[in-house]
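By convention in this document, chain letters (A, B, ...) are assigned in the order of the sequence lines, proteins followed by strands, and residues within each chain are numbered from 1. Reckoned from all heavy atoms, side chains included, excluding hydrogens, waters and symmetry mates.
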Protein chains: 2
Amino acid sequence: MASSKSYRAPVLADVAKAAGVSVPTVSRVLNGTKNVAPDLVARVNAAVKELGYRPNSAARSLRLSQSNLISIIAEATTSSYGYANTLRGIETAAQQAGMSISITILSSDEDEAVARAVDLALSQPIGGAIVLEFRAAGMKVARALPESLPVVAAGGASRPPGGPVAALIDEAAGGRQVTEYLLRQGHRTVHHIEGPTGGKVSGRTEGWRAALQDAGAEVPPVMNSEWDAVSGYRWGERIAGRDDVTAVFCGNDEIALGVMRALADRGIDVPGDVSIAGFDGQPLVSLWRPSLTTVEQDFEDLGARAFNLLSQRLQGKTDLKSSVVKPQLVVRESTAPPRA
Amino acid sequence: MASSKSYRAPVLADVAKAAGVSVPTVSRVLNGTKNVAPDLVARVNAAVKELGYRPNSAARSLRLSQSNLISIIAEATTSSYGYANTLRGIETAAQQAGMSISITILSSDEDEAVARAVDLALSQPIGGAIVLEFRAAGMKVARALPESLPVVAAGGASRPPGGPVAALIDEAAGGRQVTEYLLRQGHRTVHHIEGPTGGKVSGRTEGWRAALQDAGAEVPPVMNSEWDAVSGYRWGERIAGRDDVTAVFCGNDEIALGVMRALADRGIDVPGDVSIAGFDGQPLVSLWRPSLTTVEQDFEDLGARAFNLLSQRLQGKTDLKSSVVKPQLVVRESTAPPRA
DNA sequence: CTGTTAGCGCATTCAC
DNA sequence: GTGAATGCGCTAACAG
């Protein structure tokens, strides 16, 4: 293989010379244009393989002013689960389509950070972008991107109209499912610990509230937490002292685990004294004791849908509808009817 | 802003015209070349801002035959923790250096999958690559990449000489630490559940074995598992029946959690009857009951080091030494002296 | 200090 | 069918 001292990657001209044809002919063969004599095709292909030729994508992008690189712009998340899996979903779908992905992480939702991230993303020859938005700030990014760039959003937030097309998780449905389930178990009401929503109303919270209202149950004040388990633990400590709380729907699995640990440390039984439910469906929560009832989300599917949407936009389709993934309630040991 | 019907991104010529100078002058201003009259600099900068000019990176890459895009090639992992955090470490470091990352996931370690992944990575104008190798197959990728491309490896595996420079986690030290600690607690020996190693000997296993041998302790047969918790659970079921097992060092946290759950389901007390230790240091394991003793690894640091190594190679430095991250034992509730 | 010229690798006109 | 010429946007060399 390549082992000469100063190695220069072969270009079309090298292939053309090796095959004894002209540069355009090689180009035609490589791009599948018809009207090339079969024997020339064979000679060109042989030369390509012989030299290990690879098209120079910079030149290609320049010439065609299009690219098979798409950018993913994502908020930094402490919880890696949803993020990593959505990414995997996008990457897998992109790979099948022969496209590459680049990723840019947003360090915060401040304007300056947004601008820097957008600059960086745009510093590559990208054909489109996917904005990953599980928390806030995604809209800011979408707005900062040039209008000429195809953009798709992916995430759980309920979206105001007018934004880019999106692949969404129907979080409201998930919040409703788990709340209705807990009410059905006989709880008078369900408390809710919410993660930081960045000003917007979380779909999880919407669904929870709607379910309570529909059932005529009291809607207790929302408890505000960070997304991590330590914050959940702190809420667990507070809940431990209250006997009006019999069921808690937590904004994500980490919070739920933190709450459960705090309750356990204080000798409060889950689900005997309090039922706890999470949101996300991280694989590990099924091993917990008690294993966690939670709302599972198929993040890989979400990622795949986002890519497919973008892919269609890239092909010029314009009347795209947002794609919605339904989360699914998984009942485990951490929830039960209230103590009689 | 841009809202005309057919929008064409401004190019240098547009800026030049707007500023009333020539194209190269604009280029000089943008690239910080000295020897440009201050008033021209000002006019150019104004025009740039006015038009919202962004350099076309495809043209730039083509002209300079270099790129500020680097590719990360990673094996698909079920556990997202180490992967996601290493990625974040790389991305953060890259972002500070003004570079972008693209990522390609290896679907398997078969030759064909490797070739496809390499092709895809190389289909972008990348300046270098980082191969993420926590399991096997990384060397295959490194070999398939052109020799002219700067490559750095990152991961935990002990590396045969001759490969690319690498940022490494000293897994052997971690395995040794945890094993020595358990022996010090009074265990006669320490059992070990190993993940799939893809033919190589895991550093974790090496360190474990060395520690036992140094202490003159018996070296029990290694138990082979997958990396996931369910596989761990199965080993837990088997261990539950054995009273010669008093301490188990698991290849990762997932396995450890699986083992603990299996033991708990059978009424076996951890750490009273058996001590369990993990490897990785996922944040959630501190919330477990009992909380898990484990070997923490700083994956973000690993990623940052890998990028820095690559960055230096990109700047032409050639005598680079691999960089080693020391993992750290964190003792929690899941380990204790054996029952007397 | 500034503008003119040239060419990176490729795909696409256009002649033949 | 095929080859010769052109230009995508940019920067490095050259002249002035």
Side-chain angles (χ1 to χ4, degrees), chain A residues 6-45 47-48 51-69 122-127 146 148-149, chain B residues 6-45 47-48 51-69 122-127 146 148-149:
Chain A
S6 172
Y7 172 77
R8 189 181 57 80
V11 299
L12 231 35
D14 300 318
V15 177
K17 185 153 54 162
V21 297
S22 74
V23 170
T25 297
V26 179
S27 176
R28 281 189 274 259
V29 171
L30 262 39
N31 294 300
T33 311
K34 297 300 163 210
N35 299 342
V36 181
D39 55 324
L40 289 197
V41 173
R43 292 216 315 261
V44 167
N45 283 330
V48 164
L51 296 179
Y53 169 78
R54 276 174 206 287
N56 178 318
S57 58
R60 218 155 181 288
S61 292
L62 176 59
R63 179 65 235 255
L64 301 174
S65 57
Q66 64 170 42
S67 148
N68 63 159
L69 180 65
L122 258 31
S123 78
Q124 297 302 325
I126 59 174
S148 53
L149 189 76
Chain B
S6 171
Y7 171 76
R8 188 182 57 81
V11 299
L12 272 190
D14 301 318
V15 177
K17 185 154 51 163
V21 298
S22 73
V23 169
T25 296
V26 179
S27 175
R28 281 190 275 260
V29 171
L30 263 39
N31 294 300
T33 310
K34 297 298 162 212
N35 303 341
V36 181
D39 57 322
L40 288 198
V41 173
R43 282 197 348 241
V44 167
N45 283 329
V48 164
L51 297 178
Y53 170 77
R54 278 175 204 287
N56 178 318
S57 59
R60 215 151 184 288
S61 291
L62 177 58
R63 181 62 235 248
L64 300 175
S65 56
Q66 65 171 40
S67 149
N68 62 160
L69 179 66
L122 260 31
S123 79
Q124 298 302 324
I126 59 174
S148 53
L149 188 77

Between [Y] and [X], is there a side-chain heavy-atom distance shorter than 4.5 Å?
{"X": "Asn68(A)", "Y": "Ser123(B)", "answer": "yes"}
{"X": "Val11(A)", "Y": "Asn56(A)", "answer": "no"}
{"X": "Val44(B)", "Y": "Leu30(B)", "answer": "yes"}

(request) Produce a footprint string for nucleotides 2-10 of chain D: one letter per nucleotide, 5' end first; B if the base is under 4.0 Å from any protein heavy atom, S if only the sugar-phosphate is, - if neither. (result) BBBB-BBBB

(message) Under 3.5 Å, is there a donor on one side chain and an acceptor on the other for Asn31(B) and Arg60(B)?
(response) yes

(request) For a side-chain contact (heavy atoms from CB on, under 4.5 Å) with Leu40(A), tell me which candidate from Asn45(A), Val29(A), Thr25(A) qualifies. (result) Thr25(A)

